[in-house]
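Some notes on the structure that comes next.
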Amino acid sequence: MPIRSILRFPDARLSIPAVPVERFDKDLAALADDLLETMRAAPGVGITAPHIGVLQRITVIELDSASGPKIYVNPEIVWSSRDTVSHTEGSVSMPGITEDVVRPRLIRLRYQTLSGDVVETEVDGFLSICLQHEIDQLDGIFWLQRLSRLKRERATKRFAKLGRTV
């Protein structure tokens with residue numbers, strides 16, 4: 001379970017959509033373990049395989065240690081509410097930068113487990129926001145794209161001042 005290097009904004013690979021996972025085997029489980037350890041070390045509450053340069057549709061989210069990590073393979077939003085919520089977001093690929101992002105309050109999610117079982121569930125609250133954020137990344141949509149042009153430019157300049165760009 002090694003900690004992997006995280007791609008940093010503006011790495012072009014963060015804009016490439018991930019491909020669906022087709023093999024549910026020990027390599028996938030090992031990737032999930034690596035993602036969990038890398039996310040914890042970052043630190044963060046969510047990470048996708050593309051964040052570490054692996055273009056597969058898998059994300060790991062751990063909102064707190066009490067509820068433990070959740071692994072979502074091939075996640076997709078099949079429905080979202082019109083009701084929205086604003087929440088402060090950031091990325092392990094752009095540490096130190098956050099902004100408020102508006103997203104649907106409630107989603108219906110379909111995903112697979114590490115063994116390939118299909119699950120469909122409704123999700124709200126902070127988990128809904130995190131899943132939408134990570135699914136965007138799996139689709140090649142970096143979170144900055146959800147901001148207005150002005151906010152995006154300001155966030156990019158703040159990140160450059162931190163000296164953390166690639």
Checklist line | Nearest-0.5 Å distance, CG of residue L35 to CD1 of residue I47 | finding: 5.5 Å
Margin query: Less than 4.0 angstrom from a charged side-chain N to a carboxylate O is my criterion; do R152 and E99 meet it?
Written below: no
Margin query: Measuring from atom CZ of R103 to atom OG of S81, what distance do you get when rounded to the nearest 0.5 angstrom?
Written below: 12.5 Å
Next item on the list: Examine I97 and L7 and state if one hydrophobic cluster contains both, with Ile, Leu, Val, Met, Phe, Trp and Tyr joined whenever side-chain heavy atoms are less than 4.5 Å apart.
Entry: yes
Next item on the list: Using a 4.5 Å cut-off on heavy atoms from C-beta on, say whether the side chain of L31 contacts that of R4.
Entry: yes
Checklist line | Path from F9 to V101 over hydrophobic side-chain contacts below 4.5 Å | finding: yes
Next item on the list: Considering non-hydrogen atoms only, spot the tightest contact between F126 and V45 and give its length.
Entry: CZ-CG2, 4.1 Å
Checklist line | Interatomic spacing from CD1 in I71 to CG in L36 - rounded to 0.5 Å | finding: 7.0 Å
Next item on the list: Starting at OG of S67, measure out to CG of D64 and round the result to the nearest 0.5 Å.
Entry: 3.5 Å
Next item on the list: Sequence neighbours left out, what passes side chain to side chain contact (heavy atoms under 4.5 Å, CB included) with L55? Give chain and number order.
Entry: I16, P50
Notebook entry, point to check: How about T98 and E89: do any of their side-chain heavy atoms sit closer than 4.5 Å?
Noted result: no
Next item on the list: Verify side chain to side chain contact (heavy atoms under 4.5 Å, CB included) between L63 and C130, making sure each step is shown before the conclusion.
Entry: CA-CA 9 Å; L63 301 184; C130 292; 3.7 Å; yes
Margin query: For R149, is there an ion pair with E153 - N to carboxylate O distance below 4.0 angstrom?
Written below: yes
Note to self: Less than 4.0 angstrom from a charged side-chain N to a carboxylate O is my criterion; do R40 and E62 meet it?
What the structure shows: yes
Next item on the list: Would you check if the side chain of T48 reaches a backbone N or O of Q137 as a donor-acceptor pair within less than 3.5 Å?
Entry: no
Check: Taking all atoms of both residues into account, what is the closest heavy-atom pair of V92 and P43, and its distance?
Finding: CG1-O, 4.4 Å
Check: Say you draw a straight line from OG1 of T84 to CZ of R105; how long is it, rounded to the nearest 0.5 Å?
Finding: 7.0 Å
Next item on the list: Locate the shortest heavy-atom distance separating V60 from A32; write the atom from each residue and the value.
Entry: CG2-O, 3.9 Å
Checklist line | Heavy-atom side-chain proximity of H51 to L14 below 4.5 angstrom | finding: yes
Notebook entry, point to check: Which residues pass the side chain to side chain contact (heavy atoms under 4.5 Å, CB included) test with V123, sequence neighbours left out?
Noted result: I107, L109, T121, L127, S128, L131
Note to self: As an exercise, state the distance from OH of Y72 to CD1 of I61, rounded to the nearest 0.5 Å.
What the structure shows: 5.5 Å
Checklist line | Check: T59 and I135 side chains under 4.5 Å, non-hydrogen atoms | finding: no
Next item on the list: Find out whether H87 and D100 are in side-chain contact, i.e. whether some heavy atom of one side chain is under 4.5 Å from a heavy atom of the other.
Entry: no
Check: Would a hydrophobic clustering, with Ile, Leu, Val, Met, Phe, Trp and Tyr connected at side-chain separations under 4.5 Å, put M39 with V73?
Finding: yes
Next item on the list: Would you kindly confirm whether V21 and L114 end up in one hydrophobic cluster when ILVMFWY residues are joined by side chain heavy atoms under 4.5 Å apart?
Entry: yes
Notebook entry, point to check: Do the side chains of W79 and L106 get nearer than 4.5 Å, heavy atoms only?
Noted result: yes
Margin query: Regarding R57 and D139, does a basic nitrogen lie under 4.0 Å from an acidic carboxylate oxygen?
Written below: yes
Notebook entry, point to check: Is a side-chain N or O of D27 found less than 3.5 angstrom from the main chain of A30, in a donor-acceptor match?
Noted result: no
Check: So K26 and D33, salt bridge (charged side-chain N to carboxylate O under 4.0 Å, His left out) or not? Walk me through it.
Finding: CA-CA 10 Å; K26 64 180 169 70; D33 287 342; over 6 Å; no
Checklist line | For W143 against H133, the heavy-atom pair lying closest together | finding: CB-CE1, 3.3 Å
Check: Are R108 and D124 within salt-bridge range, i.e. N to O under 4.0 Å?
Finding: no
Checklist line | Single-linkage hydrophobic cluster L147~I141, side-chain heavy atoms < 4.5 angstrom | finding: no
Item checked: Taking every non-hydrogen atom, the tightest pair across L162 and P95 -> CD1-O, 3.9 Å
Item checked: Side-chain heavy-atom pair P17, L138 within 4.5 angstrom cut-off -> no
Notebook entry, point to check: For D117, which residues count as a side-chain hydrogen bond (donor to acceptor under 3.5 Å, both in side chains) partner, sequence neighbours excluded?
Noted result: S115
Check: I6 and A42: which non-hydrogen atoms are nearest, and at how many Å?
Finding: CD1-CB, 3.9 Å
Margin query: With side chain to side chain contact (heavy atoms under 4.5 Å, CB included) as the criterion, how do E120 and V78 come out once you've worked through the C-alpha distance, each side chain's angles and the decisive distance to 0.1 Å?
Written below: CA-CA 9 Å; E120 190 165 317; V78 295; 4.0 Å; yes
Check: Taking side chain as C-beta onward, heavy atoms only, is F142 less than 4.5 Å from P10?
Finding: no
